[in-house]
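Encoded as structure tokens, the structure appears first; notes follow it.
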Amino acid sequence: MVGAGLRGSAYARLAVASGLGRIVAVAEPDPTRRAAFAASHRPASVFTGWESLAAAGRLADVAVIATQDRLHVEPAVALARQGYHLLLEKPMAPTEPEARQIADAVTAAGVIGAVCHVLRYTDYTRRLKALLDDGRIGTLVSVQHLEPVGWWHQAHSFVRGNWRRAADSGPMLLTKSCHDLDWLAYLIGATPRSVASFGGLAHFRPEHRPAGASDRCVSCAVEPSCPYSAVRLYTRCLDDGEDWPLNAVTPSRTRSSMLLALQDGPYGRCVYSCDNDVVDHQVVALQYDTGVTATFTMTAFTPMQRRQTRLFGSHGSIDGDGRHLHVTDFRTGHTETIDTHGSGGHAGAGHDGGDAGLVEAFLAAVAAADPSLLSSDMATSLASHRVVWAAEHARTTGTVVTVSS
């Protein structure tokens, strides 16, 4: 494990729980996280950074790269060259040249590599993909897809948190929504060729700061009526017994430690007084090779819900809410509702089972030396990332961008 933060620790737990893998080593510069991970998994080797791990030689079959976004390239390239199969947290890297370095290193080393596009590995996605491939709605014509980020999730991660500034991580379409453009390409079975996009930072700006608001929620007279109150958000985590996102704020689940973190740390700042610059809403229009058109909307101003998708075909349509699929047949007028959680499995776990599905598929592919057990590889992920960069270029330049082959 390279990176023992929230995502790295989650993948480690799932690898062990699957029975398909065991944790051999961890590299993590943060001493608190490193100690917690070592206590949970008892790896034989513990390192303060990926460089010392790499210097120790190849210790395992797989390296999971779960560092911050801008710290992916060097460990991924170095460990691929040492023969590690790579499971890489999304996004691949902030820029196309960096992402291409990783993809090229995986190819040159002849190892299996995959990006953690967990949406591909849910029961919901499998059922939806099968319906499309079986022709249940005829020829697919167009798609409408929504990512409802959630008002408090936006405030936590993209206003106060690690992904608030494009220069430090990447544009929000990359850090949050590369999942979605990859998922659309997977469902549609084609690559977009023309992309347009619009959006910006509409609300979380200094000029929208309420009169009388202070720089910190814990000392703010407006806090009780503010929808973005950090005190309310993290108190709810305490009251409801939820780990995330409180565990990003403080490792101790007490009210006193929470309030201290909000008083001194980044997660207690007023959302109108942060240094954020990523968008809080964006729309992307896509034209695919096959003639299919699609729109994707990402917005902060929703409850935090599952993604919602409408697919329109020549003989029917599908409305999906991340769990249920409502399939209407134009020939009969009948609508069938499919509950994709009814099949059991990992439906109630992280990303509706996508986290576990990905980890199990990746470890099975490595064990069998069969990359076909995965639904995508590094080259496929690079292709969908290129659509993200094209969309962001379209947004910032006000142009329609052609995605080259």
Side-chain angles (χ1 to χ4, degrees), residues 69-70 72-74 76-77 80 86 88-117 119-120 129 132 139-145 147 166-167 169-200 278-279 282-298 309 311 371-372 374-405:
D69 303 345
R70 290 190 173 272
H72 285 179
V73 179
E74 289 185 295
V77 170
L86 290 187
L88 177 65
E89 176 63 323
K90 63 85 183 171
M92 293 178 73
T95 68
E96 182 175 344
E98 291 171 302
R100 194 172 292 279
Q101 282 185 57
I102 296 173
D104 289 348
V106 166
T107 299
V111 296
I112 296 173
V115 176
C116 296
H117 286 306
L119 298 185
R120 286 174 173 252
K129 178 68 170 167
L132 294 174
T139 301
L140 183 64
V141 177
S142 61
V143 181
Q144 183 184 76
H145 182 55
E147 181 176 14
S169 56
M172 188 159 175
L173 195 67
L174 179 69
T175 61
K176 183 72 175 78
S177 302
C178 67
H179 272 326
D180 297 271
L181 294 180
D182 174 81
W183 187 77
L184 286 172
Y186 177 54
L187 286 183
I188 293 169
T191 302
R193 280 292 169 250
S194 298
V195 183
S197 184
F198 307 91
V278 299
V279 303
Q282 188 165 353
V283 176
V284 182
L286 305 129
Q287 174 89 45
Y288 289 79
D289 283 343
T290 56
V292 171
T293 56
T295 59
F296 167 63
T297 297
M298 180 283 300
T309 312
L311 303 102
S372 70
L374 295 161
S375 69
S376 68
D377 55 18
M378 287 290 184
T380 302
S381 291
L382 177 60
S384 65
H385 276 53
R386 294 183 69 235
V387 177
V388 175
W389 290 311
E392 189 62 8
H393 182 65
R395 183 186 71 85
T396 56
T397 60
T399 59
V400 176
V401 174
T402 299
V403 184
S404 60
S405 301

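Only this structure's heavy atoms are used, side chains among them; waters, hydrogens and symmetry mates stay out.
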Please tabulate, for side-chain N and O atoms in residues 169-176, each donor-acceptor pair with protein atoms closer than 3.5 Å (sequence neighbours left out).
from: Ser169; atom 1: OG; to: Arg165; atom 2: O; distance (Å): 3.2
from: Lys176; atom 1: NZ; to: Glu147; atom 2: OE2; distance (Å): 2.4

Expected list for residues 289-298: side-chain donor-acceptor pairs under 3.5 angstrom, two or more places apart:
from: Asp289; atom 1: OD1; to: Arg193; atom 2: NE; distance (Å): 3.1

Here the salt bridge (Lys or Arg N to Asp or Glu O under 4.0 Å) pairs for residues 100-114, sequence neighbours left out, are Glu96-Arg100
Closest contact, heavy atoms only, Val403 versus Ala390:
CG2-CB, 3.7 Å
Taking only residues at least two apart or on different chains, which pairs with a member in residues 389-405 satisfy salt bridge (Lys or Arg N to Asp or Glu O under 4.0 Å)?
Glu392-Arg395
Name all residues meeting the side-chain hydrogen bond (donor to acceptor under 3.5 Å, both in side chains) criterion together with Gln287; count only those two or more places apart in sequence or in a different chain, and write none if there are none.
none
Of all the heavy-atom pairs spanning Trp183 and Arg120, show the shortest one and how long it is.
CD1-N, 4.4 Å
Quick check for you: to the nearest 0.5 Å, what is the distance between Ser384 atom OG and Lys90 atom NZ?
12.0 Å
Kindly determine whether Thr309 and Gln144 satisfy side chain to side chain contact (heavy atoms under 4.5 Å, CB included), including the steps that lead there.
CA-CA 6 Å; Thr309 312; Gln144 183 184 76; over 6 Å; no
Ser142 meets the side-chain hydrogen bond (donor to acceptor under 3.5 Å, both in side chains) criterion, sequence neighbours left out, with none
List the steps and the verdict of side chain to side chain contact (heavy atoms under 4.5 Å, CB included) for Val284 and Phe198.
CA-CA 7 Å; Val284 182; Phe198 307 91; over 6 Å; no
In terms of heavy-atom contacts, Gln282 and Ala391 come closest through NE2-O, 4.4 Å
Should Leu86 and Met378 be marked as a side chain to side chain contact (heavy atoms under 4.5 Å, CB included) after you check the CA-CA gap, both sets of side-chain angles, and the distance that decides it?
CA-CA 9 Å; Leu86 290 187; Met378 287 290 184; 4.3 Å; yes
Closest heavy-atom pair and its distance - Ser376, Ala114:
O-CB, 4.2 Å
So which atom in Leu184 and which in Leu286 form the shortest heavy-atom distance, rounded to 0.1 Å?
CD1-CD1, 4.3 Å
Only pairs at least two apart or in different chains count here, so list each ring-ring contact (aromatic ring centres under 6.0 Å, His included) that has a residue in residues 97-117.
His117-His179, His117-His385
Mind checking the CG-CG spacing from Asp180 to Leu119? Nearest 0.5 Å is all I need.
6.0 Å
With Thr95 via side-chain hydrogen bond (donor to acceptor under 3.5 Å, both in side chains) - residues at least two apart:
Glu98
State which residues pass side-chain contact (heavy atoms from CB on, under 4.5 Å) with Ala99; sequence neighbours excluded, sorted by chain then number.
Met92, Ala93, Leu382, Trp389
Is any side-chain heavy atom of Ser404 closer than 4.5 Å to one of Arg386?
yes
Test side chain to side chain contact (heavy atoms under 4.5 Å, CB included) on Val195 and Val400; report intermediate values, then the result.
CA-CA 6 Å; Val195 183; Val400 176; over 6 Å; no
For Ala383, which residues count as a side-chain contact (heavy atoms from CB on, under 4.5 Å) partner, sequence neighbours excluded?
none
Restricting to side-chain hydrogen bond (donor to acceptor under 3.5 Å, both in side chains), what partner residues turn up for Thr399, sequence neighbours left out?
Thr397
